[in-house]
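The block underneath contains the structure these notes are about, expressed in structure tokens.
Every value quoted in this text rests on a predicted model; they were computed, and no experiment measured them. Worth knowing before you read on, the calculation uses all heavy atoms, side chains too, and leaves out hydrogens, waters and symmetry mates.
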Amino acid sequence: MLHPDLPPSVTILIASYVTYSIVNTLLSFGQAPPPNSPYPMNKYDAVSARRYFDGKFNLVLSRALEVATLSGTFLASLGVDYATGKLEVNADKRAMELSVLLTKLGPSFIKIGQSLSIRTDLLSPAYVRGLKSLQDQVPPFSTAEAREIIENELGSSIDELFVSFPKEPIAAASLGQVYRATIRGEVKDEESGEMVMGEREVAVKVQRPNIMNQIALDMHLIREVAPILKRTFNLNTDFVGVVDTWGAGFVDELDYIEEAVNAKSFMEGIAQTPLAGVVFSPPVVDELTTRKVLTTEWVVGERLDRSAQGDVSILCSIAMNTYLTMMLETGVLHCDPHPGNLLRTTDGKLCILDWGMVTRLDSDLQLTLIEHMAHLTSADYEEIPQDLLLLGFIPEDKADLIKDSGVVETLADIYGAWTKGGGAAAINVNKVVADLQDLTAKKGNLFQIPPYFAYIAKSFSVLEGIGLSNDAQYSIISECLPYVSKRLLTDKSDRTGGALSTFIFGPNKNDEDRIIDYDRVEQLVSGFGDYTTSASGELLGKNSTRAEAIESVATQVLDLLATEEETPLQQIFIEQLAKIISATSRSVWSDLRERSGVLPSGRTLLGTLVDPLGIFRTSPIVRANELDERTVETTRNLIALLLSSDSTSLDTSTLTNAEIVEITSIIVRKLWERRSGVLMTSNRLAMQLLQLTANRLEKGEREILVIPTRRVEESVNSDGRIHEESDKTSGTAEKKSTSERLESARRILATIEQ
């Protein structure tokens, strides 16, 4: 019997609790007893967590009320500021209150704040300053508790395990804290370079006590609320799936053995890429690592976002290339790149800490993302809706709407503004919202967020934030170009080859007479050059000799083009080179004929000498057309591009005799090493030239030319040469459908193919 004087809110709360307890008890009859922990297998399990917390209603209700009460107070203060027009006046105060609130709410909310603290384009400066305190002011737990955890986990006393162990942690994070300790072990002797026994500094990360249950409770609450939020705000997103994805990563982050495996996997993967010498993760000390204790070598450095060194922009570029390599190549993506985890070492390298939170991407998703990024960086916005469908951002039941011009135009405006740099701050948010609302009104809720994208968004959101803090015009899409260029040029898969064709040829990629787009090739070459320079560490002072630079370029060119197995890049290269040779030959021949002068008969002098009977006079094999002119013009531009690119890195006119001999030896050696690939590439080129010749003959053996029948008048033009003027009444040469020369070309091709 409830007391009649109790407030209505308390009466409703007690009644709800009693009702829930009765219903839960009735539903639990016949079921297995609840687990002893939220995640019995130490892996995220929403079903087990629900069964565990269903029997702990008081705990769940208490936490829910705590979150609601603390958050409600802060939101109410914001509401008052809004009503009184004091949002900007009280911004610094509210930002600090938010930082304190997130700290009180615990690890889950601290991590959210840490990710937001770097987004200078999304938050006002006051809130950025306030949330940045989360990076450094997460309260530590006692060292006595930390020592107890270490001794229980490693089975020995602190004095037996370490030469020295500090009294206070050097840093406290949301899930654990780090100590700078000293152990005995092998170290490299600076004079001899040999490994000898000595003392070395290590970083010892100790997990917070009872952290698993705290995170499990927060994830359970968020997951239970997710469907309500989705319905309330009409979100076209698998919100529960997103929460499950975050939860799985969150729980995995608590397994320090798994974190050590992730760090080692990164180093093994990155060792196979050009980035091996400029980025790394701290080596793990396996004998001092367990599920709750992680020991790695101590790395001396400073946070990337606080470094005043002139190479921060270069390291930001290296970081972007590294994360793209992880996402699109090695398949294991570091998902917690907040500023405290990215260090600039004393020797100018990039060190990535904290490998607890990672996500894995399968190869099919990687290829789809590469295609999407190729379309973004080349501004092929008409391809974007189809990409979003394949990536899961547009539901399959809305596939018929993606070709609508309204979708393409809206996305083009958004991506176009984003590409220019400046992050979200550079985008007209009101216009974007209005355009999206208009699309929603016409076509329903068109977009959704696939669960896998949560971690990717978190990683690159933080990277963009660091870039924006260093450069207000930083463009994350433009920063993707170097890696995308490298991947398009080196990947041998058919799908990447299709993306390469799209990048190079644009909308005309399927035309038989396609010619490479100079502007797009310039983008590709520039991007690949930037990636090569960045990955090699050249901009970090790791300069090579001129001979080494040429050897590197020769190796790259031969690896890309002179391959035994035909690759998508080689196919395009041979196709375009054959067109260039064919068009240039006809253009040169036409130019030489014109320069030789015109005879009274109307024919050129050179043409008469070489072909007295005029058999080849109108043949498409020797006569240049409009396509040839475009090909020659593109070739001139490409040569100018290559010369300008080369001149920035190497002035060949200053090479010494010794360097010329060394470089010649290098090139000859490289060609000999790849002689099989060079020979096969040459054969393919010859085949392509023959095929082009046959195609020209088949399309039209002769051009329709005006033949003088009455009189020929001579006139001298401004170029000083004699030209013919014929009467308009002329005969025409009839076009033949086949010829002996065409049949002969076909027989030659058939013989070679056999």
Side-chain angles (χ1 to χ4, degrees), residues 266 268-279 317-318 320-333 361-378 478-505 509 516 520-538 549-577 638 641-642 645 649 670-671 673-674 676-678 680-681 684:
F266 166 73
E268 291 171 1
I270 214 70
Q272 309 303 316
T273 74
L275 293 162
V278 293
V279 63
S317 176
I318 290 174
M320 177 59 66
N321 286 328
T322 301
Y323 275 80
L324 288 170
T325 299
M326 286 189 279
M327 182 174 75
L328 302 175
E329 201 163 328
T330 65
V332 179
L333 177 65
L361 295 88
D362 61 55
S363 57
D364 185 68
L365 177 59
Q366 288 177 319
L367 287 172
T368 305
L369 285 167
I370 290 171
E371 291 170 335
H372 179 54
M373 295 176 70
H375 296 149
L376 280 181
T377 52
S378 61
S478 297
E479 284 298 316
C480 291
L481 177 61
Y483 178 83
V484 171
S485 301
K486 172 259 182 186
R487 190 64 185 273
L488 290 177
L489 291 174
T490 58
D491 198 292
K492 298 180 180 179
S493 72
D494 291 337
R495 287 184 60 184
T496 308
L500 176 62
S501 293
T502 299
F503 196 106
I504 291 178
F505 298 107
K509 64 179 181 180
I516 52 180
R520 291 167 179 265
V521 172
E522 183 181 28
Q523 245 188 326
L524 197 64
V525 171
S526 174
F528 185 72
D530 289 345
Y531 176 86
T532 303
T533 302
S534 172
S536 67
E538 186 175 322
I550 288 181
E551 181 175 11
S552 176
V553 171
T555 301
Q556 289 176 9
V557 171
L558 291 172
D559 285 344
L560 290 174
L561 302 178
T563 57
E564 294 186 24
E565 179 185 357
E566 193 172 30
T567 65
L569 174 62
Q570 192 191 74
Q571 289 177 347
I572 293 174
F573 170 72
I574 289 175
E575 172 201 322
Q576 296 299 303
L577 181 58
L638 290 175
L641 171 63
L642 294 175
S645 300
S649 57
K670 292 290 181 183
L671 288 172
E673 289 173 354
R674 290 165 173 77
S676 178
V678 172
M680 296 188 72
T681 303
R684 294 183 188 120

Item checked: Verdict with reasoning, Leu369 to Leu361, per side-chain contact (heavy atoms from CB on, under 4.5 Å) -> CA-CA 10 Å; Leu369 285 167; Leu361 295 88; 3.7 Å; yes

Margin query: Nearest 0.5 angstrom please: Leu500 CG to Thr490 OG1, how far?
Written below: 10.0 Å

Margin query: Show, in sequence, the C-alpha distance, side-chain angles and deciding distance for Phe266 and Val279, and conclude whether the side-chain contact (heavy atoms from CB on, under 4.5 Å) test is met.
Written below: CA-CA 10 Å; Phe266 166 73; Val279 63; 4.2 Å; yes

Next item on the list: Name all residues meeting the salt bridge (Lys or Arg N to Asp or Glu O under 4.0 Å) criterion together with Arg684; count only those two or more places apart in sequence or in a different chain, and write none if there are none.
Entry: none

Notebook entry, point to check: So, does Gln570 use its side chain to make a donor-acceptor pair with the main chain of Thr563 at under 3.5 Å?
Noted result: yes

Next item on the list: Would you sort out whether Gln576 and Ile504 count as a side-chain contact (heavy atoms from CB on, under 4.5 Å), showing the intermediate values?
Entry: CA-CA 11 Å; Gln576 296 299 303; Ile504 291 178; over 6 Å; no

Notebook entry, point to check: Can you name the closest pair of heavy atoms from Leu481 and Gly527 and give their distance?
Noted result: CG-CA, 4.1 Å

Note to self: Can you give me the closest heavy-atom contact between Ala562 and Thr681, atom names plus distance?
What the structure shows: CA-OG1, 3.5 Å

Item checked: Inter- and intrachain pairs under salt bridge (charged side-chain N to carboxylate O under 4.0 Å, His left out), touching residues 553-563, at least two apart -> Asp559-Arg674

Check: Is there a donor in the side chain of Arg495 and an acceptor in the side chain of Thr368, or the other way round, less than 3.5 Å apart?
Finding: yes

Check: Under the criterion side chain to side chain contact (heavy atoms under 4.5 Å, CB included), which of Thr567, Asp491, Leu569 is the partner of Thr496?
Finding: Asp491

Checklist line | Rounded distance (nearest 0.5 Å) linking atom CG of Leu489 with atom CZ of Arg487 | finding: 12.0 Å

Checklist line | Side-chain donor or acceptor of Ser526 paired with backbone N/O of Gln523 under 3.5 Å | finding: no

Notebook entry, point to check: Are the side chain of Glu329 and the backbone of Leu324 linked by a donor-acceptor contact shorter than 3.5 Å?
Noted result: no

Margin query: Tell me the closest heavy-atom pair linking Phe528 and Lys486, and the distance in Å.
Written below: CD1-CA, 3.5 Å

Next item on the list: Of all the heavy-atom pairs spanning Val484 and Ala374, show the shortest one and how long it is.
Entry: CG1-CA, 4.0 Å

Checklist line | Pairwise distance CD(Gln272) to OG1(Thr330) - rounded to 0.5 angstrom | finding: 11.0 Å

Check: Which heavy-atom pair separates Asn321 from Pro482 by the least distance, and what is that distance?
Finding: OD1-CB, 4.0 Å

Next item on the list: Mind running side-chain contact (heavy atoms from CB on, under 4.5 Å) on Tyr531 and Thr325 for me, showing each step along the way?
Entry: CA-CA 11 Å; Tyr531 176 86; Thr325 299; 4.3 Å; yes

Item checked: Closest approach of Pro568 to Ser493 (non-hydrogen atoms, all atoms of both residues) -> CG-O, 3.6 Å

Next item on the list: Quick one: pull up CD1 in Ile370 and CG in Leu365 and give me the separation to the nearest 0.5 Å.
Entry: 10.0 Å

Margin query: Can you tell me if Asp362 has over 12 outside heavy atoms packed within less than 6.0 Å of its CG?
Written below: yes

Next item on the list: Apply salt bridge (Lys or Arg N to Asp or Glu O under 4.0 Å) to Glu564 and list each qualifying residue two or more places apart in sequence or on a separate chain.
Entry: none

Margin query: Measuring from atom OG of Ser317 to atom CE of Met320, what distance do you get when rounded to the nearest 0.5 angstrom?
Written below: 8.5 Å

Notebook entry, point to check: CD1 of Ile270 to CD of Glu268: how many Å apart, nearest 0.5 Å?
Noted result: 12.0 Å

